[in-house]
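Only one structure is covered here, and it is reproduced in the block below.
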Amino acid sequence: PIDASPYILNFHINKKASVVSEALSNLGIYVSTQSACSSKKTSLSHVLKAMGKSDLISENSIRVSLSHLNKKEEMIEFASTLKTILKQIK
């Protein structure tokens with residue numbers, strides 16, 4: 001959407017998002033499994049629900065927040081690390 005932030009990426013994975021988030025965190029890469037405004041809540045994302053996404057997708061989504069200062073190399077490193085972690089997690 002035209003009024004959306006170009007610096008936030010949300011995607012679904014076929015693994016438990018909290019496990020992936022912790023594995024990334026252990027390597028110094030910080031992501032979230034919830035929106036910034038709901039970090040204290042345990043309910044599913046109302047935004048993903050409004051978009052018609054299932055509970056499974058909502059429960060296993062990763063949110064990456066970027067800025068105009070991020071470099072292409074950082075994104076390549078993130079993608080490579082995420083790929084490795086997803087292969088390791090059952």
Side-chain angles (χ1 to χ4, degrees):
I2 191 103
D3 59 345
S5 172
Y7 301 113
I8 299 174
L9 172 67
N10 187 292
F11 57 92
H12 167 256
I13 54 176
N14 290 321
K15 308 285 183 184
K16 190 165 181 168
S18 60
V19 174
V20 174
S21 175
E22 184 176 347
L24 288 167
S25 178
N26 290 338
L27 297 171
I29 299 173
Y30 302 99
V31 298
S32 180
T33 57
Q34 300 175 338
S35 69
C37 60
S38 67
S39 62
K40 303 282 187 240
K41 298 178 186 175
T42 58
S43 61
L44 300 175
S45 168
H46 69 278
V47 174
L48 293 177
K49 291 296 276 183
M51 294 171 60
K53 304 300 179 186
S54 70
D55 289 355
L56 181 64
I57 287 177
S58 185
E59 291 169 351
N60 294 303
S61 291
I62 300 280
R63 184 178 56 87
V64 181
S65 297
L66 306 166
S67 84
H68 66 284
L69 300 174
N70 286 106
K71 297 178 175 61
K72 180 179 177 181
E73 295 78 20
E74 292 171 312
M75 294 310 303
I76 291 170
E77 179 66 23
F78 168 74
S80 175
T81 303
L82 179 62
K83 184 176 178 180
T84 299
I85 287 170
L86 291 176
K87 286 181 183 177
Q88 293 172 350
I89 295 174
K90 297 181 183 206

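Heavy-atom basis, side chains included; hydrogens, waters and symmetry copies ignored.
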Revision key, fill the gap. The side-chain hydrogen bond (donor to acceptor under 3.5 Å, both in side chains) partners of S65 (sequence neighbours excluded) come to R63
Check your understanding: Are the side chain of N60 and the backbone of A17 linked by a donor-acceptor contact shorter than 3.5 Å?
Key -> yes
Check your understanding: Any side-chain heavy-atom pair from F78 and L66 closer than 4.5 angstrom?
Key -> no
Revision key, fill the gap. Per side-chain contact (heavy atoms from CB on, under 4.5 Å), S21 is matched among I13, I85, T33 by T33
Practice item. Over all heavy atoms of both residues, which pair between S61 and N10 is shortest? Give the atoms and the distance, please. Key: CB-OD1, 3.5 Å
Point to revise | Pairs satisfying side chain to side chain donor-acceptor pair (under 3.5 Å), at least one member in residues 70-85, at least two apart | key: N70-E74, E77-T81
Check your understanding: Would you say F11 and Y7 are hydrophobically clustered, going by side-chain heavy atoms of ILVMFWY under 4.5 Å?
Key -> yes
Check your understanding: Do the side chain of K15 and the main chain of I89 share a donor and acceptor less than 3.5 angstrom apart?
Key -> yes
